[in-house]
J.: 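The structure under discussion is supplied below as structure tokens; questions concerning it will follow.
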Amino acid sequence: MAIRKVVKIGEEMLRKKSKPVKDFDEDLWQLLDDMRETMYKNDGMGLAAIQVGVLRRAVIIDVNGLFAELINPKIIKTEGEDIGEEGCLSVGKFQGRVARPMKVTVEAFDRYGYPFSITGEKLLARCLCHEIDHLDGVLFVDKSLDKDKYFKSGR
């Protein structure tokens with residue numbers, strides 16, 4: 001495993017749309033292992049492949065002791081609304097309030113290509129949505145109720 005450089009806001013890479021994973025092979029497994037080590041080293045609770053410079057639809061999360069790797073994730077159901085604080089390893093210290101679904105169901109594949117679904121509420125739902133947004137080049141600051149504060153600060 002290796003710690004990879006986290007791509008920061010302002011770098012063009014973060015605004016690109018990630019491509020589906022087609023090969024569930026050792027290269028993918030190495031990427032996921034590196035992402036896990038990078039996320040933990042930076043005290044994160046989620047990380048998308050694009051945040052380490054890889055344009056593939058892969059994310060990892062670790063919320064309340066639940067670690068999951070999601071390949072080609074798709075949100076298939078949402079319920080309710082929850083407004084809460086978010087931060088991001090690619091954004092730095094800024095945190096902002098974001099409205100997200102209270103509950104989401106996501107379909108994805110594991111590292112071996114087996115399909116599964118996961119349903120999360122509150123913080124888990126927020127983390128899933130946040131990381132899946134990264135795969136489409138969307139950052140939490142784009143959706144933040146405090147985005148004017150962020151962009152006015154010149155960050």
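Since the structure is predicted, the reported quantities are computational estimates derived from the model, not experimental observations.
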J.: Can you check side-chain contact (heavy atoms from CB on, under 4.5 Å) on Q51 and M39, steps first, answer last?
T.: CA-CA 10 Å; Q51 291 179 272; M39 179 183 73; over 6 Å; no
J.: State the CD1-OG distance between I50 and S18, to the nearest 0.5 angstrom.
T.: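 With rounding to 0.5 Å, CD1 (I50) is 4.0 Å from OG (S18).
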J.: Backbone N or O of D136 within a donor-acceptor pair of the D133 side chain at under 3.5 Å?
T.: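 Such a contact is absent between D133 side chain and D136 backbone.
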J.: Is there a side-chain contact between M102 and E79, using heavy atoms and a 4.5 Å cut-off?
T.: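 M102 vs E79: side chains apart.
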J.: CZ of F140 to OG of S90: how many Å apart, nearest 0.5 Å?
T.: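 Between atom CZ of F140 and atom OG of S90 there are 10.0 Å.
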J.: Is any side-chain heavy atom of L28 closer than 4.5 Å to one of V21?
T.: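 Side chain of V21 against side chain of L28, heavy atoms only: contact under 4.5 Å found.
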J.: Taking side chain to side chain donor-acceptor pair (under 3.5 Å) as the cut-off, I'd like each qualifying pair that reaches into residues 114-129, sequence neighbours left out, listed once.
T.: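 For residues 114-129, and leaving out neighbouring residues, the side chain to side chain donor-acceptor pair (under 3.5 Å) pairs sorted by first residue read D82-R126, E86-R126, T105-T119.
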J.: Start with the C-alpha distance between M35 and R4, add both sets of side-chain angles, then the distance that settles side-chain contact (heavy atoms from CB on, under 4.5 Å), and finish with yes or no.
T.: CA-CA 7 Å; M35 288 170 60; R4 298 194 185 199; 5.9 Å; no
J.: Between N42 and V6, is any pair of side-chain heavy atoms under 4.5 Å apart?
T.: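 SC-SC contact between N42 and V6 confirmed.
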J.: Of the non-hydrogen atoms in A49 and R56, which two are nearest, and what is the gap between them?
T.: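 Here A49 and R56 meet closest at CB-O, 3.5 Å.
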J.: Any chance you could measure L47, atom CG, to L32, atom CG, to the nearest 0.5 Å?
T.: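 Nearest 0.5 Å value for the CG-CG distance: 10.5 Å.
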J.: Working to the nearest 0.5 Å, report the span between CD of E26 and CZ of R111.
T.: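 So the CD of E26 and the CZ of R111 are separated by 10.5 Å.
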J.: Do you know which two heavy atoms are closest between S144 and G96, and how far apart they sit?
T.: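 Between these two residues, the closest heavy atoms are OG-CA, 3.6 Å.
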J.: Provide the closest heavy-atom pair for A2 versus E37 in the form atom of the first, atom of the second, distance.
T.: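 Between these two residues, the closest heavy atoms are N-OE1, 3.5 Å.
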J.: Ignoring hydrogens and angles, tell me if any N or O in the side chain of E69 forms a donor-acceptor pair with the backbone of D110 under 3.5 Å.
T.: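 Checked: no pair found.
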J.: Under a single-linkage rule joining Ile, Leu, Val, Met, Phe, Trp and Tyr whose side-chain heavy atoms are separated by less than 4.5 Å, which residues share a cluster with L128?
T.: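 Besides L128, the hydrophobic cluster comprises M45, V59, I61, V63, L66, L70, I75, V104, V106, F116, I118, L123, L124, I132, L135, listed by chain and residue number.
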J.: What's the spacing between I60 CD1 and E131 CD if we round to 0.5 Å?
T.: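 Between I60 CD1 and E131 CD, I get 8.5 Å after rounding to 0.5 Å.
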J.: Once you round to the nearest 0.5 Å, how far does NZ of K143 lie from SG of C129?
T.: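 Answer for the NZ-SG pair, K143 versus C129, is 7.0 Å.
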J.: Looking only at heavy atoms, what is the nearest atom pair of G53 and V7, with distance?
T.: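 What the structure gives for the nearest pair is N-CG2, 3.6 Å.
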J.: Answer yes or no: does atom NZ of K41 have more than 12 heavy-atom neighbours from other residues, nucleotides or ligands under 6.0 Å?
T.: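 No, the 6.0 Å shell around NZ holds no more than 12 heavy atoms from other groups.
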J.: Testing the basics here: between P73 and A108, what is the closest heavy-atom pair and its distance to 0.1 Å?
T.: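 Shortest heavy-atom contact: CA-CB, 3.9 Å.
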J.: Show, in sequence, the C-alpha distance, side-chain angles and deciding distance for H134 and L139, and conclude whether the side-chain contact (heavy atoms from CB on, under 4.5 Å) test is met.
T.: CA-CA 6 Å; H134 272 299; L139 301 176; 3.3 Å; yes
J.: By ring-ring contact (aromatic ring centres under 6.0 Å, His included), which residues pair with Y112, not counting sequence neighbours?
T.: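 Residues passing ring-ring contact (aromatic ring centres under 6.0 Å, His included) with Y112: W29.
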J.: Around atom NZ of K5, are there more than 12 heavy atoms of other residues, nucleotides or ligands at under 6.0 Å?
T.: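 Counting neighbours around NZ of K5, more than 12 heavy atoms of other residues, nucleotides or ligands fall under 6.0 Å, so yes.
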J.: Taking the six-membered ring for Trp, are F67 and Y40 parallel (under 30°), tilted (30 to 60°) or perpendicular (over 60°)?
T.: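 Geometry flag for Y40 against F67: tilted rings.
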J.: Please check: side-chain N/O of Q30 versus main-chain N/O of D27, any donor-acceptor pairing under 3.5 Å?
T.: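 It does not hold such a pair.
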J.: Does some side-chain heavy atom of T38 sit less than 4.5 Å from a side-chain heavy atom of V52?
T.: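 Contact flag for V52/T38 side chains = yes.
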J.: Looking at G46 and L89, what are the two nearest heavy atoms and their distance?
T.: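 Shortest heavy-atom contact: O-CD1, 4.3 Å.
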J.: Do D142 side-chain atoms and V138 backbone N/O form a donor-acceptor pair below 3.5 Å?
T.: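 Side chain of D142 to backbone of V138: no pair is present.
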J.: Under a 4.0 Å threshold between the charged nitrogen and the carboxylate oxygen, would K74 count as salt-bridged to E107?
T.: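 Between K74 and E107 there is no salt bridge, as every charged N stays at least 4.0 Å from the carboxylate O atoms.
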